[in-house]
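Remarks on the structure that follows.
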2 protein chains.
Amino acid sequence: MQIVNEHRRKDIHNSDIPTVCVACEARHGGVCGTLTPDQLLDLSRHSTRRSIEPGREVVGQGETTDSYANIISGVVKLSKVLADGRQQIVGLQFAPDFMGRPFTRESALTAEAAVDTDICCFPRTVIERLVSEAPGLEHRLHEQALKELDEARDWMLTLGRKTAQEKVASFLYIIATHIDPEQGAAKEFDLPLSRSDIADYLGLTIETVSRQITKLRKDNVIRIENSRHVTVPSLDRLMDVAGID
Amino acid sequence: MQIVNEHRRKDIHNSDIPTVCVACEARHGGVCGTLTPDQLLDLSRHSTRRSIEPGREVVGQGETTDSYANIISGVVKLSKVLADGRQQIVGLQFAPDFMGRPFTRESALTAEAAVDTDICCFPRTVIERLVSEAPGLEHRLHEQALKELDEARDWMLTLGRKTAQEKVASFLYIIATHIDPEQGAAKEFDLPLSRSDIADYLGLTIETVSRQITKLRKDNVIRIENSRHVTVPSLDRLMDVAGID
DNA sequence: AGACGCCTTTGATTTTGATCAAGTCGCCGA
DNA sequence: TCGGCGACTTGATCAAAATCAAAGGCGTCT
């Protein structure tokens, strides 16, 4: 595991106010704005940048989490497994999301990089101290939790009530709009997940995912190259197939 | 809709500190402890008690929510529907949960009483003012959001990866442990949901739910009277069938 | 280049749960 | 007491997705 942790004293000690983490030069998902310059400096001093290759586990289910992290780039899968190995991905986190589970030491999930991912970690003790000092930070974490809750509930509708075809289209829609949130235009992107991951996200098997992707291709809803690179000519068409109003 | 709103000045103006909402005599899911007596009085003055019969909608999907509520007794279903009418229950709220969606005016879901339910409502303006004054209240709301997020993700595993039998057993397990959280003992309770609601919660059809309940009965995992009253002789056995480790 | 391994696709068959279709049960009101 | 109605159950059949099985592509290592 590659650790990069360089604190640039020059940025900190000169007169301009830091608004960006000195360890990773990122804004930490909007948190920076909720902190005073001193608090940001405090946070930055304790932050550690890590690069994670696909498939590497960040936190295992049931392990103690002792850090929070901000995703600088990449995609992280959050998943749960049953005793017999059946697996369900319960959330995807994209930059610049926060990861971490406030106010509990046990992680109920496994977090794993889906593609090459850079994160910036902070010890929970530092975050919890800052939360007690800066109410704006708790508000920011609260908003993140509410966003994840909304996403989880949307996905429950997909898992419980949509057909395989609609599920796959819904997944492509999520990725397409995350990669490039602009409306209207044709979308082109690389899938951050393997067929196996997509199956675990959708509650399907690999074979069903593959067949449904083939069907979307044959129906000209999407184009595919190298099994990972996707073009969506019309997002409206995709939404229609996905059952999104 | 029945409105009960009686403010007992005697409780407020005598010397002892109020720790309980004067409108409904409840503790509002632990919120009371996060407020000063003055703030609690403020909240109580604006609170309104409502009784809701089963099936009545509290807030419709897409409607503006202008109040928060604390569930005094009963069960509330949170659900989402697709354009063609397919429905998914995305959460159940039991007393003394908080309901309401902080920091947004649009409700993405429908909230509906599953059984006779009493709630105590506060206007969002009051809650949001108190949040800005009392950081402990935001913390309390944050914890509620995290609890709902955990429950949603657990349920995603059920929806995506469990069989019909495991789903029904998982549902019974949730109800059993909510009604009576004590470990070990045999559980006996009335189902707060109809077969149709259970189906919408589990992503199944009524018929499948019915067949699986019949099977659990024949396998002596549960006993049933009047199709609503359930006895679970061994919670361990139920957990086993539900695939809960 | 060739061989191995992994991911993906495609095909044949089976299974699970959905759908269609009658019943049954309990409750309420005439 | 009898209908009638809604909620639930049960049975027969069907369809969607899982499973089993066999390729096909693509990158990498030798």
Side-chain angles (χ1 to χ4, degrees), chain A residues 53-55 77 82 84-88 112 114-116 158-172 190-219 222-230 241-243, chain B residues 53-55 77 82 84-88 112 114-115 158-172 190-219 222-230 241 243:
Chain A
E53 59 266 41
K77 305 176 284 182
L82 250 20
D84 63 3
R86 282 174 287 173
Q87 183 163 148
Q88 177 67 45
E112 196 178 309
V115 295
D116 282 311
T158 300
L159 285 174
R161 287 301 182 201
K162 289 190 185 174
T163 64
Q165 177 80 159
E166 290 169 328
K167 284 179 175 182
V168 170
S170 297
F171 166 73
L172 293 171
D190 282 319
L191 290 176
L193 265 55
S194 68
R195 297 293 186 269
S196 168
D197 285 337
I198 299 171
D200 283 345
Y201 194 35
L202 297 169
L204 299 171
T205 58
I206 307 185
E207 295 93 327
T208 300
V209 170
S210 180
R211 279 184 244 273
Q212 295 304 334
I213 287 179
T214 300
K215 181 164 183 345
L216 288 173
R217 187 168 46 68
K218 286 185 177 159
D219 294 349
I222 56 171
R223 260 173 293 129
I224 292 229
E225 290 151 58
N226 302 342
S227 85
R228 283 275 188 147
H229 191 80
V230 176
V241 177
Chain B
E53 58 266 43
K77 305 175 284 181
L82 250 19
D84 62 4
R86 281 174 288 174
Q87 183 164 145
Q88 176 68 45
E112 197 179 307
V115 295
T158 299
L159 286 174
R161 289 300 183 202
K162 289 190 185 174
T163 63
Q165 176 81 157
E166 290 168 328
K167 284 179 176 183
V168 171
S170 298
F171 166 74
L172 293 172
D190 283 318
L191 290 176
L193 266 55
S194 67
R195 298 291 186 271
S196 168
D197 285 337
I198 298 172
D200 283 345
Y201 194 34
L202 297 169
L204 298 171
T205 59
I206 306 184
E207 295 94 328
T208 299
V209 170
S210 180
R211 279 185 245 272
Q212 296 304 333
I213 287 180
T214 300
K215 182 165 184 340
L216 288 173
R217 187 169 45 68
K218 286 184 176 159
D219 294 350
I222 57 173
R223 257 173 296 128
I224 291 228
E225 290 151 57
N226 303 342
S227 84
R228 283 273 189 149
H229 191 80
V230 176
V241 177

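Every chain is numbered from 1, with letters handed out A, B, ... down the list of sequences. Nothing here was measured: the structure is a model prediction, and the numbers come from that model. Values below: all heavy atoms of this structure, side chains included; hydrogens, waters and symmetry mates excluded.
- Contacts between residues 160-171 of chain A and DNA chain C, defined by a heavy-atom separation below 4.0 Å, involve no residue at all.
- Within the 4.0 angstrom heavy-atom criterion, base atoms lie near A/T205.
- A/Q88 places a side-chain N or O within donor-acceptor distance of the main-chain N or O of A/Y201, the cut-off being under 3.5 Å.
- Distance CZ (B/R195) to C1' (C/dC25): 12 Å, rounded to an integer number of Å.
- Under a 3.5 Å cut-off, the side chain of A/E166 and the backbone N or O of A/V241 do not form any donor-acceptor pair.
- Rounded to an integer number of Å, the gap from A/R86 CZ to C/dT16 C1' is 13 Å.
- Applying the 4.0 Å criterion to OP1 and OP2 of C/dT10, one finds that A/S210 has every side-chain N and O outside that range.
- What separates CZ of A/R228 from P of C/dT9 is a distance of 11 Å, to the nearest Å.
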Between N or O atoms, less than 3.5 Å apart, protein on one side and nucleotides 20-23 of chain C on the other: list the pairs.
residue, atom, partner, partner atom, Å
C/dC20, N4, B/E207, OE2, 3.2

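- Distance A/D200 CG to C/dT8 C1': 15 Å, rounded to the nearest Å.
- For A/Q87, there are no side chain to side chain donor-acceptor pair (under 3.5 Å) partners, not counting sequence neighbours.
- Boundaries of the chain B contact region on DNA chain D are D/dC8 to D/dA12, first to last in 5' to 3' order (nucleotide atom under 4.0 Å from a heavy atom).
- Taking CD1 from B/I206 and CG from B/D197, the interatomic distance works out to 9.5 Å, rounded to the nearest 0.5 Å.
- A/L191 contributes atom CG, which lies 6.5 Å from atom CD1 of A/I213 (distance to the nearest 0.5 angstrom).
- Rounded to the nearest 0.5 angstrom, B/I224 CD1 and B/L172 CG are separated by 7.0 Å.
- We find that CZ of A/R217 is positioned 14 Å from P of C/dT8, with the value rounded to whole Å.
- Looking at every heavy atom in both residues, B/K77 comes nearest to B/A114 through CG-CB, 3.8 Å.
- Taking 4.5 Å as the limit, every side-chain heavy atom of A/K215 sits out of range of all side-chain heavy atoms of A/V168.
- Rounded to whole Å, the distance from CD1 on A/I224 to P on C/dC7 is 17 Å.
- Atom-to-atom, CD1 of A/I206 to P of C/dC7 comes out at 9 Å; the value is rounded to the nearest Å.
- How far NE2 of A/H229 is from CD1 of A/I222: 11.5 Å, rounded to the nearest 0.5 Å.
- Residue A/S194 is classed as a sugar-phosphate contact, given heavy-atom separations below 4.0 Å to backbone atoms only.
- With sequence neighbours left out, A/T158 forms a side chain to side chain donor-acceptor pair (under 3.5 Å) with no residue at all.
- If you take OG on B/S210 and CG on B/L204, they are separated by 12.0 Å, rounding to the nearest 0.5 Å.
- Side-chain atoms of A/F171 and A/V209, non-hydrogen and from C-beta on, never get closer than 4.5 Å to each other.
- When the C1' atoms of four end pairs are superposed on the next four at each end of the helix from C/dA1-D/dT30 to C/dA30-D/dT1, using five pairs per end, the two resulting axes differ in direction by 30°, to 10°.
- For B/R86 (side chain) and A/R161 (main-chain N/O), a donor-acceptor pair under 3.5 Å exists by modelled atom type.
- Using modelled atom types, no side-chain atom of A/R217 and backbone atom of A/Q212 make a donor-acceptor pair closer than 3.5 Å.
- Within 4.0 Å (heavy atoms only), B/I213 reaches no atom of the nucleic acid at all.
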